[in-house]
Amino acid sequence: MLSTQALLSAIGVGEKSATIIGATFQWFLRDLTGMLGGILFTLYQGSNLDSNAKMWRLVADLMNDLGMLMDLLSPLFPSAFIFIVCLGSLSRSFTSVASGATRAALTQHFALQNNAADIAAKEGSQETMATMIGMALGMLLARITTGNPVAIWFSFLSLTMFHMYANYKAVRCLTLDSLNFERSSILLQHFIESGQVLSPKQVSTMEHVLPLWTTLRLSKSAKPLHTNVKLGLRVSTLDHSEMANFLTSAGSFYNEAKYLLVERKGTVSVVVHKDSTAEDILKSYIHALVMVNLTVEQKSLHLECQSWMDKHYESFVQKLKLAGWKAGRLLSHSIIWKAHWSLGEKTD
């Protein structure tokens with residue numbers, strides 16, 4: 001309510017000098033920027049929303065708050081009004097895409113009896129009621145703070161800080177039992193160290209709900225394994241020497257697998273066969289994590305990795321299932337390109 005009041009004031013509502021066509025054009029630019037921003041955000045991050053639903057749920061609320069902040073700032077800088085308002089609209093467009101997508105993913109998580117439609121309907125009703133109460137209180141607050149910039153900014157910043165804290169605590173409460181990049185990395189590291197598999201509840205307290213770059217406590221030495229794995233590699237990006245090693249590996253280590261691993265400067269990339277199943281992709285990803293772990297320990301990569309997989313992989317997967325994990329599917333980035341190779345023929 002406070003940001004909308006500021007935005008309408010900046011557009012010129014209530015001023016004789018304001019024109020309908022001018023206000024309409026400004027509103028059009030604002031909406032157009034938001035639409036374009038939503039399309040671009042979906043293009044670059046759409047495949048990442050399922051696997052990181054908790055993080056993007058929180059980021060969506062943060063971007064929404066930033067959008068409202070831009071609206072509140074717009075009257076203070078008349079010469080840059082259009083630019084600031086478009087930034088706010090761009091921020092909210094990210095919110096629209098991320099919140100809608102993550103809501104669908106989280107609804108599926110809560111639909112324990114395959115009642116996703118019922119869950120979505122009730123959640124929508126609760127949100128509508130909360131919004132109605134919020135609008136009533138917002139109109140009262142806007143009425144009280146009208147003409148008092150200090151009160152407006154104090155109210156806005158206080159409510160925003162509480163909003164983000166409440167959302168952070170809410171996301172922290174979520175215990176998801178599907179595997180993504182980070183959860184797989186946490187589970188594998190603990191399994192290698194102790195031979196045991198953590199439960200979904202234990203992992204939920206260890207995983208990050210903010211992007212890794214915002215976590216100051218992470219150092220180079222504590223870099224998670226999954227940050228050094230790339231799932232889905234284009235063979236065309238390999239140079240001549242890498243291609244030679246690639247073909248050698250295909251014949252020596254992965255003759256029965258539906259994936260190939262390529263180690264490039266500490267990063268392990270996975271080339272996946274076009275006929276691979278979800279189980280094959282999970283196995284390829286775990287294999288890549290094992291290789292990254294052995295790279296850190298400076299061991300013989302392919303032989304050591306294959307030996308570990310032969311000895312421990314089946315046990316690891318069985319313990320995942322017993323601990324309550326949905327080990328049959330890996331929620332991850334869409335694989336951009338899946339290689340199709342024939343070990344007995346020359347590969348392009």
Side-chain angles (χ1 to χ4, degrees), residues 3 7 26-71 82-111 116-117 119-121 123-124 127-128 131 163-164 167-168 170-171 174 176 178-184 207-215 226-227 229-234 237 269-270 272 274 276 278 281 285 326 329-338:
S3 63
L7 180 62
Q26 291 171 345
W27 204 269
F28 167 76
L29 283 179
R30 173 178 175 271
D31 289 348
L32 179 63
T33 304
M35 293 175 188
L36 293 175
I39 294 172
L40 292 175
F41 180 77
T42 303
L43 175 65
Y44 288 103
Q45 291 295 338
S47 59
N48 194 26
L49 297 175
D50 272 315
S51 60
N52 293 299
K54 293 170 70 171
M55 182 194 78
W56 285 112
R57 175 67 262 178
L58 189 61
V59 169
D61 288 306
L62 175 61
M63 297 304 290
N64 190 45
D65 289 340
L66 286 175
M68 288 189 288
L69 177 62
M70 293 296 103
D71 289 344
I82 292 295
F83 178 73
I84 294 174
V85 167
C86 287
L87 278 181
S89 182
L90 191 66
S91 180
R92 273 193 298 274
S93 70
F94 299 163
T95 300
S96 177
V97 175
S99 63
T102 54
R103 177 177 296 174
L106 296 178
T107 297
Q108 289 295 331
H109 167 70
F110 284 113
I119 296 291
E123 189 271 341
E127 184 175 2
T128 300
T131 302
H163 177 232
M164 289 310 305
N167 275 282
Y168 177 80
V171 169
L174 284 171
L176 303 182
S178 56
L179 295 176
N180 68 356
F181 289 159
E182 184 178 15
R183 290 178 211 128
S184 300
E207 65 178 320
H208 299 89
V209 294
L210 289 172
L212 284 178
W213 59 267
T214 64
T215 310
H226 69 279
T227 59
V229 176
K230 180 181 179 182
L231 184 59
L233 172 71
R234 294 178 184 272
T237 63
S269 300
V270 185
V272 187
K274 71 172 186 177
S276 59
I281 296 175
Y285 189 70
K326 293 180 180 177
R329 61 183 180 135
L330 176 69
L331 293 178
S332 61
H333 294 286
S334 294
I335 298 172
I336 298 173
W337 184 82
K338 295 184 179 181

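- Note that CG of Leu176 is 4.5 Å distant from CZ of Arg183, once rounded to the nearest 0.5 Å.
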Practice task
Evaluate side-chain contact (heavy atoms from CB on, under 4.5 Å) for Glu127 paired with Thr131, printing each intermediate quantity in order.
Solution key: CA-CA 6 Å; Glu127 184 175 2; Thr131 302; 4.1 Å; yes
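- A donor-acceptor pair under 3.5 Å is formed between the side chain of Ser91 and the backbone N or O of Met63.
- Put simply, CZ on Arg57 and OG on Ser99 are 5.0 Å apart, with the number rounded to the nearest 0.5 Å.
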Handout entry: Thr107/Glu123 under side-chain contact (heavy atoms from CB on, under 4.5 Å): CA gap, chis, key distance, verdict
Key = CA-CA 9 Å; Thr107 297; Glu123 189 271 341; 5.8 Å; no
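- Applying the 6.0 Å contact sphere to CE of Met164 captures more than 12 heavy atoms from other residues, nucleotides or ligands.
- A pairwise comparison of heavy atoms in Val209 and Tyr168 identifies CG2-CE1, 3.4 Å as the closest pair.
- Shortest non-hydrogen contact noted between Arg92 and Met68 is NH1-N, 3.5 Å.
- Ring geometry for Trp56 against Phe41 counts as perpendicular: the plane angle is over 60°, on a 0 to 90° scale with 30° as the lower cut.
- The two atoms that bring Thr102 and Leu49 nearest to each other are CG2-O, 4.2 Å, heavy atoms only.
- Between the side chain of Asn64 and the main chain of Ala60, no donor-acceptor pair closer than 3.5 Å is present.
- With hydrogens and angles ignored, the 3.5 Å screen pairs a side-chain donor or acceptor of Thr33 with a backbone N or O of Leu29.
- Contact detail for Tyr285 and His226: the closest heavy-atom pair is OH-CB, 3.1 Å.
- A salt bridge does not link Glu182 with Lys54: every distance from a Lys NZ or Arg NE/NH1/NH2 to an Asp or Glu carboxylate oxygen is 4.0 Å or more.
- Rounding to the nearest 0.5 Å places CG of Leu179 at 13.0 Å from CD1 of Ile281.
- Of all heavy-atom pairs spanning Gly38 and Ser93, the tightest one is N-OG, 3.4 Å.
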